[in-house]
Every structure is written in C-alpha cells, then in structure tokens.
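Okay, so here's the structure we're looking at.
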Amino acid sequence: MKAPSAALSRANVSLGTSIGVSREENQDRTLFLISQSSDPAWCFALGVLCDGIGGMAKGEEAAVLALTTFAARILRTTRLRPEPRLRHAVVDANNAVFSSYSGSSGATLSAVLVTQSGPTTGVNVGDSRIYGITRDRNLRQLSKDDTLAGYLGQERAVEDHHARLVQYVGMGEGVEPHIINIDTREHSHILLTSDGVHWVPKDTMERAVSVADDPSKLVRKLLTLTSVLGGRDNGTALSMKSSPWWARDKQNAELNLICLSPVNQLEIWSPRAFDQDKAPREERDDKSRQFAPATDDGSDTLSAEEPARRKLKKIKKKRVGGQPSLPLDDSKPEVDIVFPKRDGR
C-alpha cells in the first residue's frame with residue numbers, strides 16, 4: 001500500500017502528513033512556529049496548514065507559496081492585534097499566489113495564532129478546517145467550509161458540485177478571510193486538518209479524539225485512519241494546545257524561533273530582533289484595552305524521534321529606525337521556509 005507518511009511531535013504540538021494511496025504527489029503543507037523572547041510581542045505560537053487545490057496547475061507550489069508568505073507576514077507584524085495580523089497575512093498570501101499564477105492555481109489555508117497576552121485566534125479560507133477539542137475530549141468544528149455544502153450547513157457534500165470551493169488563496173480580488181475567536185476555557189486543544197483527513201466519517205474522527213489524550217497520539221491515529229479507509233487524498237493534521245504553554249524568560253533579550261514541519265525542524269536564533277511594526281496605531285496591541293474586532297478592510301507514520309537539527313548562522317541584524325530587527329523586507333522576505341522534495345512526498 002503506497003502511503004508514505006511523516007510526523008513530528010513535541011510537547012503540546014504534533015503535525016503529520018500522508019500522501020495517501022491514490023496520489024502521485026503531496027500538495028498539502030503544514031508548519032508550526034514558536035517564538036520566545038523577553039518581549040511579550042514576540043511570544044507566540046503559530047500553526048498553519050495549506051492544501052494545494054486539486055485539478056489546478058501547480059497546486060503544490062501554490063501551497064508552499066501561500067504558507068511561506070503567510071508565515072513571513074506574521075513574523076513582520078508582531079505589534080498588530082491577532083485579528084488584523086491574521087487578516088493581513090491572508091491578504092498577502094492571496095496576492096502572492098495570484099501574482100504568480102493569475103488565478104490558475106491556489107490553495108486553502110487554515111491557521112491558529114496563540115499569543116502571550118492576547119486572545120487565541122484562527123483564520124481560514126477554503127475547506128481545510130479548524131476544530132476545537134474540549135476538555136472532555138469532544139470535537140467541534142470551529143471553521144466554516146468555503147464550499148456550497150459549507151454554506152448550506154452540510155457536514156460533507158451531498159453532490160459533487162457542492163464540494164467546489166467558493167473562495168481560495170490565490171483567487172485574487174474578493175477573498176474574505178474568516179476570523180475565528182477561540183474560547184480557550186472551553187477548548188483545550190486545536191486541530192487543523194486538510195480534507196484528506198476530515199473526509200473520514202465524523203463519528204470515527206470523534207472516537208479518535210476521545211481516546212487520544214495528547215496531540216501526538218491524535219495525529220498518528222488520524223493519519224492511520226485515512227490510510228485504512230482508502231487514503232483517497234493527501235491527508236494532513238496539526239494538533240496544538242490552545243493557550244500559551246511556554247515560559248517567558250524576562251531576563252533574556254534574545255529571540256528564539258523554532259519552526260517545525262512533519263519532516264524536519266529549523267531553529268533560528270537572533271539577538272534582540274524586535275521589530276517595531278509600521279502599523280496603524282489603532283491596529284496595534286494595546287495592553288490598556290481589551291481586544292476588539294478589527295475594523296480594517298483590509299497510514300503508518302514514521303517515528304517521531306528527534307530529527308537532526310540544522311543550525312543557521314546567526315542572523316545579520318539590520319536597523320530600522322535605529323533598532324535591530326529581523327532581516328525581513330516587506331517586498332521580499334529574506335527568511336524563507338523551504339520544503340525539500342522527497343521521493344513520494
């Protein structure tokens with residue numbers, strides 16, 4: 001049975017992917033990024049999943065471009081409140097994919113941002129999903145599928161045309177990201193899935209969630225289920241805790257970024273890389289007020305053993321307004337997340 005898979009787990013987060021049994025390439029991409037620093041604005045975790053649209057040209061490339069552009073934008077906008085931060089990142093990803101493919105390719109996108117001092121917030125475009133897992137291990141869909149079936153309130157498409165996407169990243173003008181405010185008191189964990197995972201019958205997914213008491217077990221069970229039940233499509237899942245689980249080091253002025261994919265880990269270290277974002281004041285994180293809605297328009301899996309770490313050289317600092325910052329430029333990010341091609345993936 002052809003179902004190459006990969007999975008990677010750490011404390012409180014796990015992500016994995018499978019090509020399935022009927023696909024020649026894996027057009028799903030997922031990424032987890034955690035940033036730790038003495039500056040609370042730079043203390044956050046991001047989980048993101050993109051699914052290249054089948055039937056369109058270069059779906060894999062579109063998924064990679066959407067994900068990397070989205071993640072780079074999140075890194076550049078640490079002073080924004082979560083809602084506009086996610087919204088602007090989706091708009092950037094949409095523009096980048098449309099600029100490259102003129103609407104002939106695209107991807108879905110679902111992401112969740114956990115911050116040190118603000119609300120946990122999600123965003124989605126397309127039919128990759130965001131689920132909340134309650135403290136008593138119940139599964140609840142938080143996102144809305146951008147399909148006719150989704151707008152009709154159907155769990156899955158009754159007819160083939162009901163599964164067609166209404167919008168996606170790369171469509172160009174008119175994309176409307178769905179912002180999801182996540183109640184962390186009710187939902188202890190978050191689950192992101194591509195349609196290759198959540199096509200599994202709902203009651204089967206719910207049983208898997210009820211018996212898997214940590215993210216690693218859950219991701220492995222879901223990928224195994226997709227394979228056993230036919231693996232008709234690429235399947236990808238990411239599970240993470242919904243509230244901050246890291247300890248902020250108030251004495252350490254350095255920035256540490258750890259980036260995880262199902263096949264490897266990338267660690268980035270930079271001293272005092274705090275970027276004062278050039279964002280409208282009303283969209284910035286203000287501790288003196290509560291967060292308000294933005295008004296801008298703006299399979300068998302591989303063992304989850306520790307992979308070989310690849311250390312990057314210390315990032316060269318450049319100054320913006322006299323302050324050190326990450327080497328990111330609005331027009332062309334210098335930090336790129338690259339997914340090397342592997343046989344069968």
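When reading the values below, keep in mind they use all heavy atoms of this one structure, side chains included, and skip hydrogens, waters and symmetry mates. Nothing fancy with the numbering, it's 1 onward along the sequence.
Put simply, the side chain of Leu191 reaches to within 4.5 Å of the side chain of Met205, judged on heavy atoms. You'll find the side chain of Asp127 reaches within 4.5 Å of the side chain of Leu165, heavy atoms only. Looking at Leu67 and Thr69, their side chains never come closer than 4.5 Å, going by heavy atoms from C-beta outward. By the 4.5 Å heavy-atom criterion applied to side chains, Leu139 and Ile133 are counted as neighbours. Taking the side chain as every heavy atom from C-beta outward, Leu49 and Arg29 never approach each other to under 4.5 Å. Looking only at side-chain heavy atoms (C-beta outward), Thr120 and Val112 come within less than 4.5 Å of each other. Inter-residue side-chain proximity for Leu257 and Leu33 is flagged as met; some heavy-atom pair is nearer than 4.5 Å. Using a 4.5 Å cut-off on side-chain heavy atoms (C-beta onward), Thr108 and Val169 make no contact.
Remark: side-chain polar atoms of Thr68 are paired, donor with acceptor, to backbone N or O of Leu65 under 3.5 angstrom. The backbone N or O of Ser242 sits nowhere less than 3.5 Å from a side-chain atom of Thr184 that would complete a donor-acceptor pair. Listed for the Thr30 side chain is a donor-acceptor partner under 3.5 Å among the backbone atoms of Val48. In this structure, the side chain of Ser105 does not engage the main chain of Tyr101 through any donor-acceptor pair within 3.5 Å. No donor-acceptor pair closer than 3.5 Å links the side chain of Arg129 to the backbone N or O of Gln141. Checked by atom type and distance alone, the side chain of Gln116 never pairs as donor or acceptor with a backbone atom of Pro244 at under 3.5 Å. Between the Thr77 side chain and the Leu80 main chain, no donor and acceptor come within less than 3.5 Å of each other. Between the Thr204 side chain and the Val200 main chain, no donor and acceptor come within less than 3.5 Å of each other. Between the His187 side chain and the Lys241 main chain, no donor and acceptor come within less than 3.5 Å of each other. A donor-acceptor pair under 3.5 Å is formed between the side chain of Thr134 and the backbone N or O of Asn138.
Here the rule is side chain to side chain contact (heavy atoms under 4.5 Å, CB included) with Asp233, and of Asp195, Ile19, Asn26 only Asp195 fits it. Under the side chain to side chain donor-acceptor pair (under 3.5 Å) rule, Thr236 has a single partner from Thr226, Asp28, Asp51, which is Asp28.
When every heavy atom of Gly170 is checked against every heavy atom of Phe98, the shortest pair comes out as O-CD1, 3.4 Å. In this structure, Asn94 and Gly172 approach most closely via the heavy-atom pair ND2-O, 2.9 Å. Taking every heavy atom of both residues into account, Pro82 and Pro119 meet most closely at CG-O, 3.9 Å. Between Val125 and Ser128, the closest heavy-atom pair is O-OG, 4.5 Å. Smallest separation of non-hydrogen atoms from Leu223 and Gly235: CD2-O, 3.6 Å. Here the shortest heavy-atom pairing between Ala66 and Ala93 reads O-CB, 3.6 Å.
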Derivation of the side-chain contact (heavy atoms from CB on, under 4.5 Å) call for Leu46 and Phe70 = CA-CA 11 Å; Leu46 174 71; Phe70 179 89; 4.0 Å; yes

Check the pair Asp92, Arg76 against salt bridge (charged side-chain N to carboxylate O under 4.0 Å, His left out), reporting the backbone distance first and the verdict last.
-> CA-CA 12 Å; Asp92 270 17; Arg76 289 200 301 268; 3.4 Å; yes

Do Arg79 and Asp39 pass the salt bridge (charged side-chain N to carboxylate O under 4.0 Å, His left out) test, and can you show the C-alpha distance, the side-chain angles, and the key distance before you say yes or no?
-> CA-CA 11 Å; Arg79 303 298 176 184; Asp39 185 341; 2.8 Å; yes

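Hydrophobic cluster membership is shared by Leu15 and Ile34, with clusters built from Ile, Leu, Val, Met, Phe, Trp and Tyr side chains linked at under 4.5 angstrom. Follow the hydrophobic side-chain contacts under 4.5 Å out from Leu75 and you reach Leu31 in the same cluster. Hydrophobic clustering, with ILVMFWY side chains joined whenever heavy atoms are under 4.5 angstrom apart, groups Val175 together with Val123. Using a 4.5 Å cut-off between side-chain heavy atoms of Ile, Leu, Val, Met, Phe, Trp and Tyr, with links allowed through other members, Leu192 and Ile182 fall into the same hydrophobic cluster.
Rounding to the nearest 0.5 Å gives a distance of 9.0 Å between CD of Glu60 and CG of Asn234. Ser35 OG to Ile74 CD1: the interatomic distance, rounded to the nearest 0.5 Å, is 11.5 Å. Summarising the geometry, atom OG belonging to Ser239 is positioned 13.0 Å from atom OH belonging to Tyr131; distances are rounded to the nearest 0.5 Å. To the nearest 0.5 Å, atoms CZ (Arg81) and OG1 (Thr115) are separated by 12.0 Å. With rounding to the nearest 0.5 angstrom, the CG atom of Leu238 is 11.0 Å from the OG atom of Ser194. Atom CG of Leu225 is separated from atom CZ of Arg207 by 9.0 Å, given to the nearest 0.5 angstrom.
Electrostatic pairing of Arg137 and Asp213 does not count as a salt bridge here, judged by no charged N lying under 4.0 Å from a carboxylate O.
Donor-acceptor pairing under 3.5 Å is lacking for the side chains of Asn256 and Gln36. Between Asp146 and His178, the side chains place a donor N or O and an acceptor N or O closer than 3.5 Å (distance only, hydrogens not considered).
For the pair Arg10 and Phe32, the cation-pi test (distance below 6.0 Å, angle within 45°) is failed.
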